[in-house]
Amino acid sequence: MNDLLPVSPSGEGWRHTARWRAVESIFRRVCLQYGYREIRTPVMESTELFQRAVGEGTDIVSKEMFTFTDRGGRSMTLRPEGTAPVIRAYLENKLYADSPLQKLYYITHVYRYERGQKGRYREHQQTGVEAIGSQDPAIDAEVITLAMEFYRRLGITQTELLLNSVGCPVCRPRYRDALREYARPLLHSMSRDNQRRFEVNPLRMLDSKEEADRAAMKGAPKLTEYLCEECHTHFARLQEYLCALEVRFTLNSHLVRGFDYYTKTAFEIICPALGAQNAIGGGGRYDGLVEECGGEPTPGIGFGIGTERCLIALEQLGIALPLEDESPIAFIAALGEEAKLHAIKLLHALRRAEIPSEFGYDNRSLKAQMRLANRLNARFVIMLGEDEVRQGSAQIKDFHNGGAQESVRLSEVTDWIFRKAEPHAKA
RNA sequence: GCGGCUGUAGCUCAGGGGUUAGAGCGCCAGGUUGUGGCCCUGGAGGCCGUGGGUUCGAGACCCUCCAGCCGCCCCA
């Protein structure tokens, strides 16, 4: 199982809960600063939502969903992507009434029934945003910039932003016809997959990785040359804004995304350090989606970023995240039953004072307790034995000070630690 | 869903038909009658991924399934 653990049994360094928290908190902070607020939706939704939103013809819906029938006979599905549930929640809770533009973010697990591989898991986490209610290309630029800023703060700077416009219901049919016309005479030289796509979803012929397909599609007409006036202007403005913001991008007329709902802007961020599963994020505009889900015509745009792939990229690139310090400030080592009673009272007091503290359980030898304190990277060891109890004091050893030791009255231990640890805690 | 490689101790891996399956690291204990890291000594820990088969004998060979990895497909 792909468990996330508090420690590393080595080899799989990115499966650390501390690393995940670091990535998540960076994402939350970026979102907050860009004016996005968190939304949480259920892990499962009615199957129909995804069929309608993502599209019956897509691979995700046709063969990659975890779908089952509940006790009431309804067909339910573990969400295979993050956008559709957000749109459903947006409509169901009438978020549009709160403000015409809703800027939302989520950190959520999604499920796809696929063959596992490094960087591709049946359950994976996506961090994402959705900006619903604006058709301003400036919001496209904002969403893309937010993603790139997130990578920058993680330290993943070796990325490539691929950008395309997939048009709208006005211009896409025109392009689809042109593409078919171009491909028809070349069909015999292409893979079976592409021959099937020719019928079902011609645009997807463009991003086949098969050598023969790539060669055949090389001279294909470009979607961007078939854009209607509105889409063309939108795309031009977006590029203008991105240039002004110094966000580097590569136009890629073969970029087609795997959801039917995308319109106009489509983008993908790849990290070359990653290998086969090298897309660390992707998204686009979905101006028809809200209406498709039963709402008023409402434009929207968003992205999803794979948390695992970001973590793998960080590992691959040798980038260390600043991790939360999980080590205790104080460790209490007790010797003897009488001392233990005083010790657990002291432990309680330290914790109430919000000083992270640990205790040497199971009556082990002082040496064993010291070793444990050292391994936990505790700063102070508070030693309590018969002598100390008799004197009403404790021996406190400071590991950060060469093991210097002093005697402190039991009643003053908490204050003493607090005073000493405060600058440490702030640092 | 397709093709290939790999599953032996907590981790990294050795053993390639023949007694009681090994190493390093980690863990535990002792060396210090109450003092961490370094060092030394000892110890615990394995139905050799699962189920079947071949064989006098299988951790080794064959098949099934499962899992991981590398591609394809797809996508984050």
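This structure is a prediction, so every number in the text was calculated from the model and none was measured. Within every chain, numbering begins at 1; the chains are lettered A, B, ... in the order of the sequence lines, protein sequences first and strands thereafter.
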Quiz item: Among the nucleotides B/A29, B/G36, B/G34, which one has an atom lying closest to any side-chain atom of A/Lys367?
Solution: B/G36

Exercise. Among B/C70, B/G36, B/G71, find the nucleotide with the atom closest to the side chain of A/Ala276.
Key: B/G71

Quiz item: Distance between the C1' atoms of B/A14 and B/G24, in whole angstroms?
Solution: 11 Å

Self-check item: Along RNA chain B (nearest heavy atom to each residue), the more 5'-positioned of A/Leu274 and A/Asn278
Solution: A/Leu274

Quiz prompt | Phosphate OP1/OP2 of B/G71 contacted by A/Arg115 side-chain N/O (<4.0 Å) | solution = no

Self-check item: Per A/Asn374 side chain, nearest of listed nucleotides B/C69, B/C75, B/G37
Solution: B/G37

Exercise. Could you check A/Tyr113 against A/Phe259 and say which one's nearest nucleotide on RNA chain B is further toward the 5' end?
Key: A/Tyr113

Quiz item: How is A/Gly403 classified with respect to the nucleic acid when contacts are heavy atoms under 4.0 Å: base, sugar-phosphate, or nothing?
Solution: base

Self-check item: Phosphate OP1/OP2 of B/G68: any A/Arg122 side-chain N/O under 4.0 Å
Solution: no

Quiz item: What does A/Gln277 touch in the nucleic acid at a heavy-atom separation under 4.0 angstrom: a base, only the sugar-phosphate, or nothing?
Solution: base

Quiz item: Would you say the base of B/G34 and the side-chain of A/Glu388 have a donor-acceptor pair closer than 3.5 Å?
Solution: yes

Practice problem: Assess whether one donor atom and one acceptor atom, taken from the side chain of A/Lys118 and the base of B/G71, lie less than 3.5 Å apart. | Solution: no

Quiz item: Which glycosidic conformation, syn or anti, is assigned to B/G45 if syn requires a torsion within 90° of zero?
Solution: anti

Quiz item: So what does A/Arg204 hit on the nucleic acid, given a heavy-atom distance under 4.0 Å: a base, only sugar-phosphate, or nothing?
Solution: sugar-phosphate

Quiz item: Are OP1 or OP2 of B/U35 and a side-chain N or O of A/Gln405 less than 4.0 angstrom apart?
Solution: no

Quiz prompt | Lys/Arg N to Asp/Glu carboxylate O, A/Glu246 vs A/Arg248, below 4.0 Å | solution = no

Practice problem: Kindly say whether the aromatic ring centers of A/Tyr226 and A/Tyr175 come within a distance under 6.0 Å. | Solution: yes

Practice problem: Pick the P atom in B/G43 and in B/A23, then give their distance to the nearest Å. | Solution: 10 Å

Quiz item: Across the strands shown, which category fits A/Ala368 at heavy-atom distances under 4.0 angstrom: base, sugar-phosphate, nothing?
Solution: sugar-phosphate

Exercise. Among B/G1, B/C73, B/U35, find the nucleotide with the atom closest to the side chain of A/Lys63.
Key: B/C73

Practice problem: Please measure how far the C1' atom in B/G17 lies from the corresponding atom in B/U12, and state the result in whole Å. | Solution: 27 Å

Practice problem: State plainly whether the residues A/Arg153 and A/Glu149 are in salt-bridge range, i.e. N to O under 4.0 Å. | Solution: yes

Quiz item: The side chain of A/Gln117 lies closest to which of these nucleotides: B/C70, B/A76, B/C27?
Solution: B/C70

Practice problem: Look at A/Glu326 together with A/Arg21 and state whether they make a salt bridge at an N to O cut-off of under 4.0 Å. | Solution: yes

Exercise. Report yes if a donor N or O on one partner sits less than 3.5 Å from an acceptor N or O on the other, where the partners are the side chain of A/Arg120 and the base of B/C73; otherwise report no.
Key: yes

Self-check item: Donor-acceptor pair under 3.5 Å, A/Arg309 side chain vs B/C75 base
Solution: yes

Quiz prompt | Test: A/Asp362 and A/Arg364 ion pair at under 4.0 Å | solution = no

Quiz item: Roughly how far apart, to the nearest Å, are B/A9 and B/C65 at atom C1'?
Solution: 25 Å

